[in-house]
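Read through the structure below, which is laid out as structure tokens, and then see the notes.
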Amino acid sequence: MPYPQDALAPHETLILDLHPHWWFIAKSGVVLVAAIAVGLFASFSVKNEALQWIVAVWILISVGWFLTRFIQWISTHFVLTSDRVMSREGVLAKRGIEIPLERINTVFFKQGIFERMLGLGDLEIESASKDGAQRFEDVRRPSEIQKEVYIQMEANDNRKSDRMGGIITNAQHHDAPAPVASISDQINQLAQLRDQGHLTEAEFQAKKSELLNRM
């Protein structure tokens, strides 16, 4: 289930959209497989009806746990865009975290030896927000995510600098005075108007004298 594109701003670009690592559901999957294996063995080899009922209940609990974890896994997103880091989880009742890139101070990741072998770890983002550090568990390739977050932070800063530079340049152009035609150019324009019949000779001479007096 991909992250919905309509949840992004018009100028925003999706960089990463990740579900938690498969280890998130592995433990419940192992328990479910074990319960099914024991259930098959009990159904063929064990004649104790009470024990069979216990195994059946165990299987039902294992199925419920696995389905719950799977729904949590498929509905949980770690999202990095060109503007922010987000986390979304839940199907009916939803919970989310959103951190603008410009407010991020530091990104940490933590991996044990076993986690490095599987390619997962925990990511912690410190930001200038009221919630402080945010921790994201069982993320895929946390070191690569850390690197990508820093890349997008730098790109975001560069875009903001470019926008500010454009605003300043436009303001300077807007405030610059319009070029004023020289007196000789104005006299030539009056002469053209006279030659085209828009001014009489007397009007031309009067305007010409007025312009020459300004010199």
Side-chain angles (χ1 to χ4, degrees), residues 1-35 61-165:
M1 185 186 299
Y3 188 77
Q5 292 286 335
D6 57 2
L8 303 177
H11 62 277
E12 197 171 16
T13 303
L14 182 64
I15 307 299
L16 293 175
D17 177 14
L18 302 175
H19 294 298
H21 192 272
W22 56 264
W23 182 249
F24 184 84
I25 57 175
K27 288 173 283 188
S28 61
V30 169
V31 171
L32 176 59
V33 171
I61 293 174
S62 300
V63 170
W65 185 31
F66 177 79
L67 290 177
T68 300
R69 295 293 283 178
F70 180 78
I71 292 172
Q72 290 175 341
W73 176 81
I74 202 170
S75 62
T76 299
H77 297 263
F78 178 87
V79 178
L80 172 64
T81 75
S82 55
D83 291 348
R84 50 190 169 156
V85 171
M86 295 180 287
S87 175
R88 295 287 187 273
E89 59 184 70
V91 178
L92 299 177
K94 293 193 174 185
R95 175 178 176 270
I97 300 170
E98 182 174 316
I99 309 173
L101 292 179
E102 60 267 20
R103 303 193 70 178
I104 294 176
N105 295 327
T106 313
V107 182
F108 303 94
F109 74 90
K110 180 181 178 182
Q111 283 181 300
I113 296 176
F114 180 70
E115 291 174 323
R116 289 189 63 184
M117 293 173 60
L118 294 181
L120 77 152
D122 298 334
L123 196 72
E124 187 170 311
I125 299 178
E126 288 188 352
S127 64
S129 65
K130 65 177 183 178
D131 297 325
Q134 297 291 340
R135 188 179 183 87
F136 305 92
E137 298 181 349
D138 294 334
V139 298
R140 305 179 185 181
R141 307 184 303 276
S143 60
E144 296 181 19
I145 294 177
Q146 180 195 48
K147 179 181 177 181
E148 190 62 44
V149 170
Y150 283 132
I151 290 173
Q152 295 306 317
M153 287 171 62
E154 183 177 358
N156 185 57
D157 287 340
N158 292 337
R159 285 194 301 273
K160 288 196 170 185
S161 298
D162 292 342
R163 285 197 294 268
M164 289 300 297

Charged N-O contact under 4.0 Å between Lys110 and Glu115:
no
List for me each residue that meets side chain to side chain contact (heavy atoms under 4.5 Å, CB included) alongside Ile151, sequence neighbours excluded, and say none if there are none.
Lys147, Glu148
Decide side chain to side chain contact (heavy atoms under 4.5 Å, CB included) for Asn156 and Glu102; before the verdict, give the C-alpha distance in whole Å, the side-chain angles of both, and the deciding distance to 0.1 Å.
CA-CA 8 Å; Asn156 185 57; Glu102 60 267 20; 3.3 Å; yes
Qualifying ring-ring contact (aromatic ring centres under 6.0 Å, His included) pairs, either residue in residues 132-153, two or more places apart:
Phe78-Phe136
May I ask you to decide if Thr13's main-chain N or O and Ser82's side chain share a donor-acceptor pair within less than 3.5 Å?
yes
Between Asp122 and Phe109, is there a donor-acceptor pair closer than 3.5 Å when you use the side chain of the first and the backbone of the second?
no
A side-chain contact here means heavy atoms from C-beta on lying under 4.5 Å apart; do [X] and [Y] qualify?
X	Y	answer
Gln152	Val85	no
Trp65	Arg69	yes
Val149	Leu80	yes

Atom of [X], atom of [Y] and distance for their closest heavy-atom approach:
X	Y	answer
Ile104	Met153	O-CE, 3.4 Å
Gly96	Arg88	CA-NH1, 3.7 Å
Ile97	Ile99	CG2-CG1, 4.2 Å
Leu123	Pro142	CD1-O, 3.7 Å

Within 6.0 Å of CD in Glu12, more than 12 heavy atoms from elsewhere:
yes
Can you tell me how the ring of His19 sits relative to the ring of His77, calling it parallel under 30°, perpendicular over 60° and tilted otherwise?
tilted
Atom pair CD/OG of Glu137 and Ser87 - distance to nearest 0.5 Å:
11.0 Å
Can you measure from CG (Asp157) to CG (Leu101) and round to the nearest 0.5 angstrom?
8.5 Å
In this structure, which one of Gln146, Arg140, Arg141 forms a side-chain hydrogen bond (donor to acceptor under 3.5 Å, both in side chains) with Glu144?
Arg141
Determine, step by step, whether Leu120 and Trp22 satisfy the side chain to side chain contact (heavy atoms under 4.5 Å, CB included) criterion, reporting the C-alpha distance in whole Å, the side-chain angles of both residues, the deciding distance to 0.1 Å, and the verdict.
CA-CA 9 Å; Leu120 77 152; Trp22 56 264; over 6 Å; no
